[in-house]
Amino acid sequence: MQKNQIKVLVVDDVPQDVEVIQSMLATSSVNRYSIETADRLAGAFRTLRAGGFDIIFLDLFLPESKGIETLRKIRAKTAGVPIIALTRFDDEMIGASAVKEGAQDYLVKGQFDTELLHRTIQHAIERHRTEEAIRRKNLELEVLNKKLKEADRLKSVFLANMSHELRTPMNSIIGFTTIILKGMSGAISDDQRKQLGIVKKNAEHLLQLINEALDVSKIEAGKISLDCSTFNLTDLIKEIQVVFQPLIKKKDLYLKAETIDNCTLHTDWVRLRQILVNLTNNAVKFTNKGGVTVEARQTKNEDIVITIEDTGIGIKKEDMGMLFIPFHQLDMSRTKKYQGTGLGLHLSQKLAHLLGGSIKADSTFGQGSRFVLTIPRRHESAQAS
Amino acid sequence: MIKILIVEDNPDNLLLLRSILEPAGMEVVEAHDGLAAVAAARSHDPDVIVMDIQLPEIDGLEATRRIRKLPGKSKIPIIAMTSYAMPGDRNLFFKGGCSGYIQKPINVDTVVSEILGFLE
């Protein structure tokens with residue numbers, strides 16, 4: 001077996017002590033040692049400049065530097081080399097201090113034999129190598145962490161800018177279209193009214209897409225914070241009825257609501273309303289005969305269950321798995337009959353999770369669908385406070 | 001007649017607001033950046049200010065802060081009208097001294113009554 005080459009520096013002003021180490025090292029069967037010596041710190045620094053040292057033996061008591069200071073001075077110049085401190089028999093305590101200050105180990109002069117010396121060197125080198133590896137990894141992680149934090153910050157800035165920049169042109173597109181449609185800038189023909197109506201409808205659709213895409217991004221970036229308040233469930237259900245009344249009338253459908261009297265919720269009104277509007281909108285959109293039933297009930301364990309059931313076209317069994325996946329509106333045929341962003345259900349599910357609940361769906365193709373939203377009556381943050 | 005100062009750097013959005021507010025019987029004065037907004041608040045003495053937030057020179061929040069320091073302007077309604085719609089933005093505007101917040105795109109049907117609502 002080939003011997004390992006180990007380069008040693010012994011810093012000690014007592015020639016006899018240096019000789020002890022030199023002779024012990026010469027007998028090693030495992031390592032081949034090349035040994036340099038220095039009797040003062042200045043000499044040690046000069047020698048160390050050559051580089052390549054694997055280990056330093058350091059007598060803590062030199063004529064010009066005494067105690068822990070000696071270790072500090074040499075550590076300042078040789079961060080990369082493991083140090084074994086040498087102490088006197090009557091001052092072993094300082095050895096322990098030296099280890100605290102970064103020495104790998106210490107030996108008490110006159111108290112070690114060849115075997116202990118070799119083992120100490122071996123351990124010191126190995127431990128130092130491990131420490132170095134950990135230190136390097138930590139540095140890498142620190143850099144990586146900084147990069148991630150910066151990326152996260154940039155993502156937030158990007159989201160905010162994107163939101164701002166997309167909304168600004170929508171303001172004049174939708175605004176002026178509305179002004180012209182209202183006849184505020186003069187009379188328009190029926191054809192123009194119809195065409196401009198299409199422009200407006202599509203601009204609003206685009207705005208909805210922007211809003212939903214941003215909502216999804218905000219949730220994913222953890223940028224949506226809930227704004228919980230206490231309110232009556234019936235008030236919210238009534239509002240949903242009012243919102244959809246015109247559309248229900250236009251499609252000649254019914255909209256039934258069964259709610260719980262005097263049921264107060266403590267959760268985010270805006271987000272819950274957003275989910276219910278979304279689910280009801282889907283139900284109305286995909287129903288051409290019959291109607292939609294919104295039913296609320298409370299479970300024993302303080303959950304509120306809101307079911308939105310329709311008598312619409314229904315969903316095929318094989319499509320059920322795709323329901324909550326973004327941009328997967330199920331009817332992807334070229335003659336897409338039903339307009340939508342393809343984000344609504346995905347967003348609703350994410351919002352439901354945010355409220356501490358979830359949405360489940362079942363359906364019979366050709367007969368209708370049922371979406372069931374379950375959320376805690378009191379949002380967790382409210383319970384904690 | 002209600003005099004309204006519109007602070008807006010985008011000419012299209014400025015024209016849009018004019019086209020809505022003037023037929024509603026308001027007298028419209030304009031400023032196109034934050035510094036001009038402060039000067040106009042002083043010289044035109046408007047009843048209400050509609051303030052865009054992202055503006056050249058100084059932004060809408062800084063302009064609001066400076067207007068609030070002008071004599072007799074500590075209570076004037078200043079309504080932030082902005083495309084900033086991230087969570088927390090609304091609070092930021094109120095903390096910065098705005099009296100109200102209207103998000104763009106504006107609703108042509110309701111914007112006049114929204115503004116009048118701040119003039120109680």
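Letters A, B, ... are given to chains in the order of the sequence lines, protein chains preceding strands, and every chain is numbered from 1.
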Would you mind telling me which of B/N10, B/I106, B/L17, B/T82 makes a side-chain contact (heavy atoms from CB on, under 4.5 Å) with A/N171?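 Going through B/N10, B/I106, B/L17, B/T82 one by one, the side-chain contact (heavy atoms from CB on, under 4.5 Å) with A/N171 is satisfied by B/I106 alone.
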
Can you tell me if [atom1] on [X] sees more than 12 non-hydrogen neighbours from other groups inside 6.0 Å?
X: A/F158; atom1: CZ; value: no
X: A/M162; atom1: CE; value: no
X: A/N145; atom1: CG; value: yes
X: B/K3; atom1: NZ; value: yes

Enter the distance from [X]:[atom1] to [Y]:[atom2] here, rounded to the nearest 0.5 Å.
X: A/L166; Y: B/K104; atom1: CG; atom2: NZ; value: 14.0 Å
X: B/Y84; Y: A/T168; atom1: OH; atom2: OG1; value: 8.5 Å
X: A/E165; Y: B/Q54; atom1: CD; atom2: CD; value: 5.5 Å

Need one label for A/M170: side chain, backbone, both or neither, based on atoms under 4.5 Å from any heavy atom in chain B. both

Under 4.5 Å heavy-atom distance to chain A, tell me which part of B/L15 shows up: side chain, backbone, both or neither. both

Search all heavy atoms of [X] against all heavy atoms of [Y] and return the closest pair with its distance.
X: B/S83; Y: A/R167; answer: O-CD, 3.1 Å
X: B/L16; Y: A/G175; answer: CD1-C, 3.3 Å
X: A/I179; Y: B/S19; answer: CD1-CB, 3.7 Å

Under a 4.5 Å cut-off applied to non-hydrogen side-chain atoms, are B/D109 and A/K182 in contact?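 Side-chain contact under 4.5 Å: yes.
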
Sort out for me which of B/D12, B/N13, B/I20, B/N107 touches chain A most, counting heavy-atom pairs under 4.5 Å. B/N13

